[in-house]
A.B. asks: 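Sharing a structure, written as structure tokens. Questions coming.
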Amino acid sequence: MVKKVLLAIVCFGTLFSKSNIYERNCVKCHSHQVVSLDKLFYRYLLKYSSERAVKKSLYDYLKHPSYFKTIMPSGYINRYGIKLPSKLSDNDLKRAINIYWDKYKVFGKLKLKRED
Ligand code: HEC
């Protein structure tokens, strides 16, 4: 009995850890893309530096992707094109960006290895 309960807890744990809006939307699609989400994040961080500027520019881009705003190399865009605007609601998009930020931000956690 105890074993079954423990098993159930472990299963639910894995289920929930994968089911946030960032995993369901961003990661799901990006796992098929050539450039990984962590590389994209660091490009945004290099270009925009502060938390507020990174989050704002991500939000703007994901709402209205455009050739003029992309940080992707033109070779990539010429080949694969610009992504479609996000279908998420404003709130879900903000939540996904917050999770994305928390996952990859480097301030305050200077450990070099990520756990995933
Ligand atoms: C349906 C597929 C799909 C979904 C869903 C998706 N992306 Fe993307 N994303 C792409 C593709 C394709 C590109 C490359 C083309 C481009 O940059 O416009 C891209 C580009 C990006 C870039 C680089 C933007 C730039 O400046 O060009 C970032 C950052 C990014 N995605 C983050 C996210 C985040 C965060 C989410 C979740 C809120 C998300 N993506 C959801 C397919 C997707």
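Predicted model, so just to flag it, every value in this text is computed and none were measured. FYI, side chains are in, hydrogens and waters are out, and symmetry mates aren't considered; it's all heavy atoms of this structure. Each residue takes its place number in the sequence, starting with 1.
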A.B. asks: Anything under 3.5 Å between a donor and an acceptor, one on a side chain of residues 81-88, the other on a protein residue two or more places apart or in another chain? List them.
C.D. replies:
{"unit_1": "Ser86", "atom_1": "OG", "unit_2": "Leu88", "atom_2": "N", "d": "3.1"}

A.B. asks: Looking at every heavy atom in both Thr70 and Met72, which two are closest together, and how far apart are they?
C.D. replies: OG1-N, 3.0 Å
A.B. asks: Please work out whether the ring planes of Phe41 and Tyr100 are parallel, tilted or perpendicular, with thresholds of 30° and 60°.
C.D. replies: perpendicular
A.B. asks: When rounded to the nearest 0.5 angstrom, what distance separates CG in Leu93 from CG in Asn98?
C.D. replies: 10.0 Å
A.B. asks: Would you say Leu40 ends up clustered with Leu46 if hydrophobic residues are merged whenever their side chains have heavy atoms under 4.5 Å apart, either directly or through other cluster members?
C.D. replies: no
A.B. asks: Under the salt bridge (charged side-chain N to carboxylate O under 4.0 Å, His left out) rule, collect the residues that match up with Arg43, sequence neighbours excluded.
C.D. replies: none
A.B. asks: Under the salt bridge (charged side-chain N to carboxylate O under 4.0 Å, His left out) rule, collect the residues that match up with Lys63, sequence neighbours excluded.
C.D. replies: Asp90
A.B. asks: Please list, chain by chain and in numerical order, all residues satisfying ring-ring contact (aromatic ring centres under 6.0 Å, His included) with Tyr76, sequence neighbours excluded.
C.D. replies: Tyr80
A.B. asks: Do Asp92 and Asn25 make a side-chain contact, defined as non-hydrogen atoms from C-beta onward lying under 4.5 Å apart?
C.D. replies: no
A.B. asks: Could you tell me whether the side chain of Leu37 reaches within less than 4.5 Å of the side chain of Tyr22, counting heavy atoms only?
C.D. replies: yes
A.B. asks: Of all residues at least two apart in sequence or in a different chain, which pass the side chain to side chain contact (heavy atoms under 4.5 Å, CB included) check with Lys94?
C.D. replies: Tyr59
A.B. asks: Apply side chain to side chain contact (heavy atoms under 4.5 Å, CB included) to Ser31 and list each qualifying residue two or more places apart in sequence or on a separate chain.
C.D. replies: none
A.B. asks: Can you tell me how far apart SG (Cys26) and CG (Leu62) are? Round to the nearest 0.5 Å.
C.D. replies: 7.0 Å
A.B. asks: If you compare all heavy atoms of Ala53 against all heavy atoms of Tyr48, which two are closest, and at what distance to 0.1 Å?
C.D. replies: CB-O, 3.4 Å
